[in-house]
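Each ligand, and each atom within it, is numbered from 1 in the order the structure gives. Quick caveat, the model's predicted, so the values are computed rather than measured.
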Amino acid sequence: MQNDHKDYGTASRRSAGEKVQQSAPKLASKRSTTGKSEVHSGMPALHVAMAAPEISPFAKSGGLADMVGSLATALERLGPKISLIMPCYRSVLQGSFQLEDTGVRFTVPISERREAGVVLRAKIGNATTVYFIRADRYFDREGLYGTSESDYPDNAERFVFFSRAILEVLKLDPPDILHAHDWQTALSIAFLKAEPGLHPQLSSLKTVLTVHNAAYQGVFWHQDWHLLNLESRFFTPAYLEFYGKINFLKGGLVFADRITTVSPTHAEEIKTTEQGFGLGGVFRERADSLVGILNGVDYDVWNPETDPFISKTYGPNGFLGKKACKADLQRTFCLPESPDVPLVGMVSRLAGQKGFDLLQKALDDMLRRSLQFVLLGSGEKRYQDFFGSVAMAYPEKVGVRIAFDDSLAHRIVAGSDILLVPSHYEPCGLAQIYALKYGTVPLVRATGGLRDTIHQFDPKTGVGNGFLFGPYQASNLLEAADQALALFDRKQEWKTLMRNAMAADFSWDRSAPAYLGLYQKLAGG
Ligand code: GLC
């Protein structure tokens with residue numbers, strides 16, 4: 001099948017070895033005569049395939065990975081059959097995951113070539129299958145999308161390949177819904193809908209595209225157009241053309257049956273010219289199909305009562321464990337072990353979006369206050385350099401770790417008194433939600449999902465779970481910080497605030513049913 005004439009994407013199973021022979025029929029045997037997958041009751045189970053460029057625990061550069069991994073687990077509990085599709089990065093190959101070769105080999109067109117890939121798989125949860133697209137020349141690299149200096153120069157090709165590969169995996173066991181995440185997978189929807197004749201097995205498939213960060217659109221110069229093998233009529237403003245360039249995210253947005261983003265406030269924000277990052281018009285045009293669903297989190301992973309990474313567990317009824325976690329964190333960063341000095345923590349990608357320029361401006365003033373500050377993150381070099389030098393200048397007050405370190409992230413969330421999230425914009429934000437559960441009080445800018453999850457504490461009524469500031473100015477950040485620091489000294493009120501924070505419930509129980517409802521409506525209509 002590999003040399004099929006104009007079949008854009010052919011999946012073939014290589015008859016090589018026992019494993020291969022065994023795995024192929026398994027994929028097919030779950031199909032009923034109606035073409036729907038079935039559960040034991042005999043009722044057709046909704047089958048949702050989620051495609052994402054990163055999924056926890058296999059590969060993670062940010063909140064997207066956690067969101068997809070935990071949503072999959074939550075959805076599985078609600079009944080549908082879930083499949084996941086992601087690239088087979090080095091972290092997958094070198095991790096301790098039980099990968100199985102499905103025996104599936106495919107080729108897809110890239111420009112005038114055909115590029116080959118292999119489908120591996122693993123199981124997570126009770127019955128969720130994760131499919132990995134293996135093509136080492138594209139994905140067996142140090143980073144997911146690039147280095148701290150720049151993106152990989154062939155990202156257009158890498159994610160055209162991945163998006164076409166997604167459709168090949170879907171053909172093995174056609175689902176009812178394809179739920180794609182972010183620009184790296186958006187073209188799978190465009191390819192499906194722009195070339196329906198090439199994917200007859202997927203003719204009834206409905207599509208959802210979730211935008212986790214509208215600022216990242218996968219924009220490439222027009223000379224890359226040949227990689228996509230789409231007719232030139234699609235390189236026009238109504239489709240993928242974007243100010244003379246190719247916009248992958250836009251390709252998904254114009255073709256998807258439904259669009260979601262990760263908080264209700266952000267769904268409104270992206271329709272504006274300022275926060276639509278050039279796509280405000282597209283979001284406005286598709287407003288009837290656009291909905292904001294707040295992310296949930298997985299409290300099996302982020303829970304101070306069970307967290308294996310922290311030095312002592314604790315819950316809402318006693319904070320001794322939290323004190324131990326704070327002391328442990330201070331030791332880790334070689335800061336004085338002072339229980340009464342408020343410890344402000346940050347765990348974040350070092351990107352402009354996250355408010356680091358604002359923090360840069362406010363930092364000297366902030367460090368005149370009695371506090372300690374610890375930061376964990378990696379990303380843009382200018383911020384890595386800046387915060388590295390701040391740590392050198394203030395060794396008694398500031399600790400910085402430039403790294404991606406999940407275990408240290410848990411220890412910072414547990415050991416800090418205050419978690420700072422001063423984002424310029426924030427589609428949802430997960431760190432502040434994790435912090436709440438650990439009784440670590442969020443101090444955030446009122447934008448996007450931060451506004452939907454954090455409510456200003458009012459000492460008079462004892463209501464609220466954190467501190468917010470509005471306009472993006474250093475003075476506003478400092479004012480909110482002063483409020484938080486003043487309250488920290490009023491121990492009883494601070495405890496009330498901590499308890500409010502810990503009582504907040506942002507588990508997927510709230511939000512997964514909203515996704516399920518969306519899928520069911522689409523599949524039914
Ligand atoms: C992106 C967004 C963040 C969101 C996450 C998961 O990283 O910037 O706000 O929480 O995706 O949806």
Side-chain angles (χ1 to χ4, degrees), residues 50-57 59-75 84 86 144-145 179-186 208-218 249 252 259-270 275-277 279 290-298 301-302 346-356 376-380 383 404 406 409 413 419-437 442 444-454 468 504 506-508 510-512 514-515 518:
M50 286 211 268
E54 51 185 86
I55 302 175
S56 291
K60 170 171 167 179
S61 78
L64 162 67
D66 281 357
M67 186 279 193
V68 179
S70 58
L71 173 59
T73 314
L75 280 170
L84 301 175
M86 65 172 284
L144 307 188
Y145 318 119
H179 184 171
H181 295 262
D182 275 359
W183 70 265
Q184 296 93 333
T185 66
V208 179
L209 176 62
T210 293
V211 180
H212 293 259
N213 196 331
Y216 295 84
Q217 301 174 3
L249 185 66
I259 300 165
T260 76
T261 186
V262 288
S263 69
T265 293
H266 197 57
E268 295 309 312
E269 290 170 346
I270 53 178
Q275 295 193 65
F277 303 98
L279 290 174
L290 167 66
V291 59
I293 301 176
L294 192 69
N295 281 340
V297 299
D298 186 347
V301 179
W302 291 92
M346 250 185 116
V347 178
S348 176
R349 270 186 298 119
L350 299 184
Q353 170 205 345
K354 297 292 182 179
F356 285 105
L376 167 68
S378 59
E380 290 175 33
Y383 297 127
F404 191 88
D406 222 25
V413 168
L419 189 93
L420 180 59
V421 191
S423 302
H424 185 50
Y425 70 92
E426 194 62 73
C428 178
L430 297 176
Q432 84 281 7
I433 302 181
Y434 299 147
L436 287 172
K437 188 73 179 170
V444 309
R445 195 169 97 78
T447 181
L450 297 171
R451 257 183 64 179
D452 293 337
T453 52
I454 305 305
L468 294 117
F506 290 103
S507 67
W508 274 112
R510 287 168 49 131
S511 297
Y515 279 104
L518 188 81

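When every heavy atom of His212 is checked against every heavy atom of Val262, the shortest pair comes out as ND1-CG1, 3.7 Å. Heavy-atom minimum distance, Ser61 versus Tyr145: OG-CE1, 3.7 Å. The minimum heavy-atom distance linking His179 with Thr210 is given by the pair NE2-OG1, 2.6 Å.
Close contacts between ligand 1 and Leu64 involve ligand atoms 5 (C), 6 (C), 11 (O) [criterion: under 4.0 Å to a heavy atom]. Against a heavy-atom cut-off of under 4.0 Å, Arg349 is close to the following atoms of ligand 1: 7 (O), 8 (O). Taking every heavy atom of Asn295 and a limit of under 4.0 angstrom, the matching atoms of ligand 1 come to 6 (C), 10 (O), 12 (O). For ligand 1, the atoms sitting less than 4.0 Å from at least one non-hydrogen atom of Gly429 are 3 (C), 4 (C), 9 (O), 10 (O), numbered in the order shown with element in parentheses. Applying the 4.0 Å criterion to heavy atoms of Pro427 picks out, from ligand 1, the atoms 2 (C), 8 (O), 9 (O). Each of the atoms 8 (O) of ligand 1 lies under 4.0 Å from some heavy atom of Asn213.
Of all the listed residues (Glu54, Gln353, His212, His266), His212 holds the heavy atom that lies closest to atom 11 (O) of ligand 1.
Residues Phe277 and Tyr425 bring their aromatic ring centres within 6.0 Å.
Residue contacts with ligand 1, taken as heavy atom pairs separated by less than 4.0 Å, do not involve Asp66 at all.
For the ligand labelled ligand 1, residue Gly62 lies outside the 4.0 Å heavy-atom shell.
The backbone N or O of Gly448 sits less than 3.5 Å from a side-chain atom of Glu269, completing a donor-acceptor pair. Remark: the backbone N or O of Val211 is paired with a side-chain donor or acceptor of Thr261 at under 3.5 angstrom. Although no hydrogens or angles enter the test, the distance criterion places a donor-acceptor pair under 3.5 Å between the side chain of Ser511 and the main chain of Leu294.
Looking only at atom types and distance, the side chain of Thr453 has a donor-acceptor partner in the side chain of Gln432 under 3.5 Å away.
Between Val262 and ligand 1, not a single N/O pair is under 3.5 Å apart.
For atom 9 (O) of ligand 1, the closest non-hydrogen atom on the protein side is Glu426 OE2, 2.5 Å.
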